[in-house]
Amino acid sequence: MSEQIEERDYDEYRVIEPLGDWKRTHSCNEITAANMGEKVLIMGWVQFRRDHGGLIFIDLRDREGLTQVVFSPEHNSEAHERAHAIRSEYVVAIKGEVRERPDGMRNPNLTTGEIEIVVDEWKLLNTSDTPPFAIEDRSDASEMLRLKYRFLDLRRPSLAKNFILRNKAAQSVRRYLDGLGFLEVETPVLTKSTPEGARDFLVPSRMNNGDFYALPQSPQLFKQMLMVSGLDRYFQIVKCFRDEDLRADRQPEFTQIDIEMSFVNEEQVMGMAEEMVRTVFRETIETALPAEFPRMTYADAMRDYGCDKPDVRFDLKLQEATQIFKGSGFKVFASSELIKILRVPNGAELSRKEIDEYTKFVEIYGSKGLAWIKVKEDGEWQSPIVKFFSEEECAKLRELTNCQPGDILFFQAGASDIVNAALAALRIKIGERFELIDESKFAPLWVTDFPLLEYNPDEKRYVARHHPFTSPQEGQIDELAEKPADALARAYDLVMNGYEVGGGSIRIHTPEMQKKMFAALGIDEEEARAKFGFLMDALKFGAPPHGGIAFGLDRLIMILCGAKSIRDVIAFPKTQKATCLMTEAPAGVSSTQLRELGIRLREKKEA
RNA sequence: GGAGCCGUAGUUAAGUUGGUUAUAACGCCGGCCUGUCACGCCGGAGGCCGAGGGUUCGAGUCCCUUCGGCUCCGCCA
């Protein structure tokens, strides 16, 4: 019954040819109607093949874009015949003529959509296995697979675009800083472990068994040394390493734009940094940021937003109601360290189910519950807690919040850090739920006047909030010794859309002040000498007043690209368990290597 | 250290209360096709249901353990 179909094998056409003296004339995104009739030579990867038996079309892709190529039996029958063997991701070189597409056949979605290349000659430069996922933007392969085949993932235009932008931004930064007389100086990657701050990545020493280098968390002390050296203005686009748990916006190795200046105060550093950010936004995505970035003190940020990096693209603010409930009959509130309210205009439309979800959500931050009041259209309050409030308390609440029919009030009461963390997170959640966040907007914000120190209950001592080299503000010397929690720092953070993208300070530049600082941190002279001896020495030899700032380049690029994760702007990022799915790092090493390093493993694990 | 979500053809997913031979789409292989552009039409191949153990006459489905991915808390000067 069924006819025998003669099947073909195209392998005879899959012969890889040398490049020879073929040379590209154009990228796959630059040939337009202006090139009509020209002979061109393009190379790239085959995005799609559309084989009509007669005509064969392929879309050729490179970093820049796509160009349609046509194999026509009339034009060159040998070239056409061989083209049947072309498959996705084959690497080809196309010599041909630029031809206008027939009427109605133009593709307005492509830069090159007016034209096509009719093939005179072509070379197969390499074949390809069928890729594990389609190399296109709409590909919905899992991130696990994409990370394993990162070299294929990076072929996707949306990802490639991020790295083109990243390069543009880095070059823009270099131009800007070079123009202001900054010197790009490289600092060591094999350095000394600094006990304060994040956990270090350690590198064992072969020549000094038992000793370890640490990879830098930042070049902080080196850049300060460069100021003592008189290099005056330094910058570096530099890898930094922190052995801490990962997040969507945190990788164990990341890139900082690290900057330090001599003979400046905080205004000058902030002014310089602000203009740098404006320049980058202008030169990369042609976006004008405000001529002056808004500023907010740390205290105000905590009061109004419950966090030190508020997303000010939308306007909801927290309100404090602790005083209203002092001595209240409602014991839970009366005994609370802090009571804060998030008023959501038109929030009464939230369902019971949604409120339950929010209740669960704030539990993540240690909250024990989420009290709420819905203001009904008739002004009546609907709430599980209002029955515990006195008339006076209700009146004060009305006055404080100015709540209107249709609103909902969310309450958090308890320890202040939990109240703030829970409501700050809920505020973002609500902003998303009610679409209050304009995703096309960029909202830079300086946060200033940070506390110098914060108490660490685990270590039972004060630790530096920024780092131990940050200068206290004028006239705060006594606070430093007597009321350490009240001392303010000459520190500033640049926040963008709720992300901390930069942070810096004016540094301590006299040995006396540095000693006071170490004393406040409970670091005695001997310990200070052992850990920071070279800094203490350097400050004695005419250190100029200096300060600086460091930007998280990855975060900045993430925001510029509108990416949801820092991984989308890092070429070879690590997974949440800090492994690389492509190289399978980290991995065991040979016993010989370990022996040389003088290291013995508790459990045997060798490569 | 902790919480939540997830893991089924190459890929993305569906799979009811535990019940014959585990679905679909895309991709892949082959045939036809001269204006497609996510081409179209026809045919075909493709599975240790992440891994291990248990309950059961019977497990993709229930239980335990474990590995991996993501989001978050802690942590990240």
Side-chain angles (χ1 to χ4, degrees), chain A residues 2-10 47-59 66-75 80 84 87-88 99 101-110 112-113 116 129-149 194-200 217-218 220 240-252 254 360-367 418 421-422 425 429 450 452-454 456 458 462-470 489 491 500 503 505 521 550 552 564-565 567 574-577 579 581:
Chain A
S2 71
E3 227 173 297
Q4 199 66 34
I5 298 167
E6 192 192 333
E7 298 208 343
R8 295 197 50 174
D9 183 353
Y10 290 107
Q47 176 81 30
F48 296 111
R49 179 184 58 121
R50 293 178 292 278
D51 188 338
H52 288 238
L55 290 177
I56 297 171
F57 299 94
I58 62 172
D59 292 335
L66 291 177
T67 298
Q68 175 165 283
V69 172
V70 194
F71 297 87
S72 158
E74 284 96 43
H75 192 81
H80 169 264
H84 286 297
R87 295 291 179 273
S88 283
R99 189 165 78 178
R101 297 200 195 181
D103 278 340
M105 299 302 157
R106 302 193 179 103
N107 186 340
N109 300 321
L110 293 180
T112 61
E116 60 195 8
D129 285 357
T130 302
F133 53 88
I135 314 294
E136 40 183 337
D137 283 347
R138 66 176 156 271
S139 179
D140 51 0
S142 71
E143 194 169 9
M144 212 197 304
L145 196 68
R146 288 171 41 209
L147 287 176
K148 182 171 176 192
Y149 296 96
T194 49
E196 302 278 307
R199 192 178 289 117
D200 286 316
Q217 299 173 24
S218 91
Q220 181 59 37
C240 301
F241 305 86
R242 291 175 193 177
D243 189 6
E244 298 292 346
D245 286 1
L246 289 77
R247 289 284 189 282
D249 65 347
R250 266 162 44 186
Q251 284 271 309
F254 60 99
K360 252 193 122 163
F361 174 70
V362 293
E363 280 172 11
I364 295 170
Y365 301 90
S367 167
I418 291 176
K429 201 93 168 158
F450 280 87
L452 185 67
L453 308 168
E454 65 190 355
N456 182 319
D458 291 337
Y462 282 91
V463 296
R465 195 189 158 83
H466 187 51
H467 54 56
F469 323 111
T470 299
E500 182 198 327
S505 63
L521 294 171
K564 286 270 175 285
S565 160
R567 294 186 298 274
K574 299 205 167 38
T575 68
Q576 196 161 51
K577 289 196 73 184
T579 65
L581 293 179

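Proteins come first, then strands; the chains are lettered A, B, ... in the order of their sequence lines, and each starts at number 1.
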- Query: Which nucleotide in the set G1(B), G35(B), G69(B) lies at the smallest distance from any side-chain heavy atom of Leu55(A)?
  - Reply: G35(B)

- Query: How far, in whole Å, is U8(B) from U16(B) if one measures between their P atoms?
  - Reply: 16 Å

- Mind checking the P distance from G53(B) to C39(B)? Whole angstroms is fine. 45 Å

- Arg250(A) side chain to Asp245(A) main-chain N or O, any donor-acceptor pair under 3.5 Å? yes

- Message: So, OP1 or OP2 of G69(B): does either fall under 4.0 Å of a side-chain N or O from Thr579(A)?
- Response: yes

- Tell me the partner of C75(B), counting only Watson-Crick (N1-N3 plus N6-O4 or O6-N4) or G-U wobble (N1-O2 and O6-N3) with both under 3.5 Å; none if nothing fits. none

- Item | U11(B) and A51(B), which share atom name P, separated by this distance in whole Å | 14 Å

- Item | Nearest-nucleotide pick for Tyr10(A), side chain only, options being G1(B), G30(B), G68(B) | G30(B)

- Message: Return a single string for nucleotides 3-9 of chain B, one symbol per nucleotide in 5' to 3' order, where B is base contact, S is sugar-phosphate-only contact and - is none, cutoff 4.0 angstrom on heavy atoms.
- Response: -------

- Residue set satisfying salt bridge (Lys or Arg N to Asp or Glu O under 4.0 Å) with Arg99(A), at least two apart, ordered chain then number -> Glu116(A)

Name the pairs: protein N/O against N/O of nucleotides 12-14 of chain B, kept only if under 3.5 Å.
from	atom 1	to	atom 2	distance (Å)
U12(B)	OP1	Ser142(A)	N	2.8
U12(B)	OP1	Ser142(A)	OG	3.3
U12(B)	O2'	Asp140(A)	OD2	3.4

- Listed nucleotide nearest any side-chain atom of Glu116(A), set U36(B), G69(B), U71(B): U36(B)

- Message: Rounding to an integer number of angstrom, what distance separates G18(B) and U55(B) when you compare their C1' atoms?
- Response: 11 Å

- Message: For His52(A), give me all partners under ring pair (Phe, Tyr, Trp, His ring centres under 6.0 Å), at least two apart in sequence or on another chain.
- Response: Phe57(A)

- Task: With sequence neighbours left out, write down each residue that passes side-chain contact (heavy atoms from CB on, under 4.5 Å) with Arg199(A), or none if nothing qualifies.
- Result: Asp243(A), Glu244(A)

- Item | N or O in side chain of Arg250(A) less than 4.0 angstrom from U71(B) OP1/OP2 | no

- With nearest nucleotides of RNA chain B determined for Ala421(A) and Leu147(A) from heavy-atom distances, which residue corresponds to the more 5′ nucleotide? Leu147(A)

- Starting at atom NZ of Lys148(A), determine the distance to atom C1' of C70(B), rounded to an integer number of angstrom. 18 Å

- Query: Just by protein heavy atoms under 4.0 Å, how would nucleotides 37-42 of chain B read 5' to 3' in B, S and -?
  - Reply: BBB---

- Item | Results of salt bridge (Lys or Arg N to Asp or Glu O under 4.0 Å) for Arg465(A) - residues two or more places apart only | Asp308(A), Glu454(A)

- Item | Phe57(A) ring over U36(B) six-membered base ring, under 5.5 Å and 30° | yes

- In chain order, what residues pass the side-chain contact (heavy atoms from CB on, under 4.5 Å) check against Ala421(A), with sequence neighbours excluded? Tyr365(A)

- Residues passing the salt bridge (Lys or Arg N to Asp or Glu O under 4.0 Å) test with Arg50(A), sequence neighbours excluded, are Asp59(A)

- What pairs with Ser88(A) under side-chain contact (heavy atoms from CB on, under 4.5 Å), at least two apart in sequence or on another chain? none

- Residues at least two apart in sequence or cross-chain that pass side-chain contact (heavy atoms from CB on, under 4.5 Å) with Pro252(A), listed by chain then number, are Phe201(A), Leu246(A), Lys574(A), Ala578(A)

- Tell me, please, which residues at least two apart from Glu500(A) pass salt bridge (Lys or Arg N to Asp or Glu O under 4.0 Å). none

- Item | Span that lies between the P atom of A9(B) and that of C72(B), in whole angstrom | 27 Å

- Task: Determine which nucleotide pairs with C41(B), using a 3.5 Å limit on both distances of a Watson-Crick or G-U wobble pair.
- Result: G31(B)

- Item | Assigned partner base of C5(B), Watson-Crick or wobble definition, under 3.5 Å | G69(B)

- What is the distance, rounded to the nearest whole Å, between atom NE2 of His75(A) and atom P of G35(B)? 18 Å

- Message: Without decimals, in angstroms, what is the distance between Glu363(A) CD and G74(B) C1'?
- Response: 17 Å

- Note on the structure: Against the side chain of Thr575(A), the closest entry in G30(B), G35(B), C70(B) is C70(B)

- Between C62(B) and C26(B), how far apart are the P atoms? Round to whole Å, please. 30 Å

